[in-house]
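Every chain is numbered from 1, with letters handed out A, B, ... down the list of sequences. Keep in mind that the numbers below use all heavy atoms, side chains included, and drop hydrogens, waters and symmetry copies.
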Amino acid sequence: MRWSSAFIPTLRDDPADAEAVSHRLLVRAGFMRQLMAGHYSLTPLGFRSLRKVEAIVRDEMEKIGAQEFRLPCMHPREIWEKSGRWDSVGEEMFRLQDRKGADLALGMTHEEIFAHLAAELRSYKALPQIWYQFQTKFRDEARPKSGLLRVREFTMKDSYTFDIDDAGLDTSFNRHLEAYRRIFKRFGFDVVAVEASSGVMGGNQSIEFMLKSDAGEDWVAHCEKCGYAANVEKAQSILPAIQDEAEDDESASSTEKFATPNIKTIDALAKMEGGAEASRQIKTLVYVIDGKTLLILLRGDHQLSEQKLIDQVESFEMRPAEVSEIKAALGASPGSLGAVGLGDLFIIADEALRGRRNMVTGANENGFHLRRVDIERDITVKAWLDLREVSTGEGCPMCEAPLSVHKTIEVGHIFKLGTKYTAAMGASVQNENGKSVPITMGSYGIGLERSLAAVVEANHDENGICWPVNIAPYEVVVTVVKPKDVDCHEAGERLYEKLSEAGIEVLIDDRDERPGVKFKDAELIGIPYRVTIGPKGLADNRFELVRRADGSKRDVPIERAADMIIEAVLDERS
RNA sequence: CGGGCCGUAGCGCAGUCUGGUAGCGCGCUUGACUGGGGGUCAAGAGGUCGCGGGUUCAAGUCCCGCCGGCCCGACCA
């Protein structure tokens, strides 16, 4: 491709409304433009890179025996009703009606449709099957953000496995796990595979593939020592044991109410004279779950993980209670709430509170708290659950080394689904005994545009993107410093021809621009190798070869230049 | 969906408080010089000031409504 005739709309300034590195650079380097919030047009540069992402995924899918499909992205209401998700996914699904008034959905994922097709499988002999597609997914995100990282319309590679039993599912699942590791490695970044919540998908196990990045929005707890890693929605940790010395005067056998005027937060109570440090307080949260009010108790310095609560409490709808509801149920306002003496409410307590004594909590009377609370003695806990979100420094549940919690981008997610969708769609086969059994299903996704952005997040510097050869829109840029000079022009054209003939993807910068402009642009768009052809080098019978990733430069003799460049590029393809 | 900030030329911004000819830098066009890190000079093109309504002799500026975007939070197969 000739730069002079290519559409590569680079910007000299950063776009004002882009904050995430990948967003800023992909726009500035001319890979994409925004159409509206959460919807981006890819330019030829962007689309070339996306196709490389797609090709790598396809290659690895084919390697595990997957067969490519192409399904509709518009679905009838009925099929989503069969699985129950027409109602359960709520506002995140785009819905529309056709001219007859029939309800349709824009597919946000394709479990239903693939399971519907799987109903044509009749015999265990046909299993296992691995099916996949690349398809646009639509999700009405409440808040699209960070360029391609969180959008409303994107391409996903989604695959689905169909097995006769759980052992088969395990095999299919592990094949994907390995394929995904290879895929992300070829993308040029390191991922950590973490235990995750399955959310609305259902199923019993899921693993997310996370890239550590400040641009991310998922928090992962990771142990450097033993490799334990889990989304904070699932992660557990070990806390140092706390010894609660009960005071040994007589009053220790009961709680004591004390005045706490204007004290409404854990923090304020910790600072108040006669108060208690946060870890000695009981935090009382009020939730409404399927219309029933219940209390959630945590240690004062701990945060509730709502996802953990959702995962452990079977419910249709869950929300924090309104202040008015809290007053009606407990007789006090937030800031003075406690669970002592509320035996008729359902009380769930976090495991970290088990056995604690001499604690402080609200008295359910505005401006008063209770001290010397013994949880076992004074509170009727109906269920002990792991509900707290882990934080940095707490002990790894496997090896007790300190955990670190950091932000990550979710680039892939794989689920063991079981029979939820196959049962709903009537996808069953006859086993060896002639008995009909539902197929066991797995589902596996990779967001293509998000992966592309993740590559940028992981591979850039202050001058622009540093694409790995595998994802780069072009592998080599031939920068002709002085295109009006006949010798420069011809030397550039010859090299361009040779490289192209060898199957190298080359961009020749034949624009009548200052050298500085060309160098800056080449670095901004991040082509892995740049060959500089100018009068100076020509006089010495050499070109300069610069590697974008590390800035390393070397002079190459003109007659050997093409071969050396080809070798360098092929060496980095994988 | 709650909170904050913002919509003025392709991009980045000033002008809005205090109403009075719509500006600056970059980019773009033409020409000249220049040519190994965003060069110089000259001449140009480019705007329904997000949209609608109102106040006023006069609105980018003031008032009301709406739309759109970014960030934080909630939510997120």
Any-strand Watson-Crick or G-U partner of B:U16, both distances under 3.5 Å: none
Minimum-distance nucleotide to A:Ser146 side chain [options: B:C75, B:G37, B:C71]: B:C71
Span that lies between the P atom of B:G23 and that of B:G60, in whole angstrom: 13 Å
Qualifying salt bridge (charged side-chain N to carboxylate O under 4.0 Å, His left out) pairs, either residue in residues 551-560 of chain A, two or more places apart: A:Arg542-A:Asp555
Whole-Å gap separating C1' (B:G35) and CG (A:Leu538): 15 Å
B:G31 versus B:A45 - spacing of their C1' atoms, nearest Å: 15 Å
A:Arg511 CZ - B:U29 P separation (whole Å): 12 Å
Under 4.0 Å protein heavy-atom contacts per nucleotide of nucleotides 6-16 of chain B, with B for base, S for backbone only and - for none: -----BSS---
Presence of donor-acceptor pair under 3.5 Å, side chain of A:Glu523 and base of B:G37: yes
Of the listed nucleotides B:C72, B:C28, B:G35, the one nearest the side chain of A:Lys145: B:C72
B:G73: pairing nucleotide in any strand, Watson-Crick or G-U under 3.5 angstrom: B:C1
Identity of whatever pairs with B:U48 - Watson-Crick or G-U, under 3.5 angstrom: none
Distance in angstrom units between A:Glu217 CD and B:C71 P, rounded: 10 Å
Distance (rounded to the nearest 0.5 Å) between A:Tyr421 OH and A:Ile79 CD1: 12.0 Å
Inter- and intrachain pairs under ring pair (Phe, Tyr, Trp, His ring centres under 6.0 Å), touching residues 507-554 of chain A, at least two apart: none
Separation between the C1' atoms of B:G27 and B:C70, rounded to whole Å: 24 Å
Spacing of A:Trp219 atom CH2 relative to B:C75 atom C1', expressed in whole Å: 17 Å
All side chain to side chain donor-acceptor pair (under 3.5 Å) counterparts of A:Lys137, not counting sequence neighbours: A:His110, A:Asp158
Distance-only donor-acceptor test, A:Asp512 side-chain atoms vs B:G35 base atoms, 3.5 Å: yes
Point-to-point distance, once rounded to the nearest 0.5 Å, from CD of A:Glu208 to CZ of A:Phe415: 7.5 Å
Nucleotide paired to B:G31 in any strand shown, Watson-Crick or G-U, under 3.5 Å: B:C41
side-chain N/O A:Arg143 vs B:C75 OP1/OP2, d < 4.0 Å: no
Nearest-Å distance once atom P is located in both B:G69 and B:G53: 23 Å
Counterpart base for B:C62, defined by Watson-Crick or G-U wobble contacts under 3.5 Å: B:G54
Pair A:Phe31 + A:Trp467: ring centers closer than 6.0 Å: yes
A:Leu148 CG to B:C70 C1', straight-line distance once rounded to whole Å: 16 Å
Side chain of A:Val517 - closest among B:G35, B:G38, B:C70: B:G38
Distance between P atoms of B:U21 and B:C64 (Å, rounded): 25 Å
Any donor-acceptor N/O pair under 3.5 Å between B:G37 base and A:Arg530 side chain: yes
Presence of A:Gln34 side-chain N/O under 4.0 Å of B:C70 phosphate oxygens OP1/OP2: yes
Close approaches to RNA chain B from residues 539-550 of chain A, in residue order (heavy atom, under 4.0 Å): A:Glu544
Proximity to the side chain of A:Asp521 - top-ranked nucleotide from B:U34, B:G38, B:C71: B:G38
Verdict with reasoning, A:His176 to A:Thr161, per side chain to side chain donor-acceptor pair (under 3.5 Å): CA-CA 10 Å; A:His176 274 85; A:Thr161 58; 5.5 Å; no
Mutual orientation of the aromatic rings belonging to A:Phe69 and A:Trp131 [parallel < 30°, tilted 30-60°, perpendicular > 60°]: tilted
Candidate nucleotides B:C71, B:G37, B:G39, ranked by approach to the side chain of A:Arg514 - the nearest: B:G39
Separation of the C1' atoms in B:C75 and B:U16, to the nearest angstrom: 36 Å
Nearest-Å distance once atom P is located in both B:C13 and B:U8: 10 Å
Whether A:Phe209 and A:Tyr180 hold their rings parallel, tilted or perpendicular, with breakpoints at 30° and 60°: tilted
Assigned partner base of B:C11, Watson-Crick or wobble definition, under 3.5 Å: B:G25
Options B:G35, B:G37, B:C75, nucleotide nearest the side-chain atoms of A:Glu306: B:C75
For residues 4-11 of chain A, please give each side-chain donor-acceptor pair under 3.5 Å, one per line with the distance, not counting sequence neighbours.
residue	atom	partner	partner atom	Å
A:Ser4	OG	A:Asp510	OD1	3.1
A:Ser4	OG	A:Asp510	OD2	2.7
A:Ser5	OG	A:Arg2	O	3.3
A:Thr10	OG1	A:Asp521	OD1	3.1

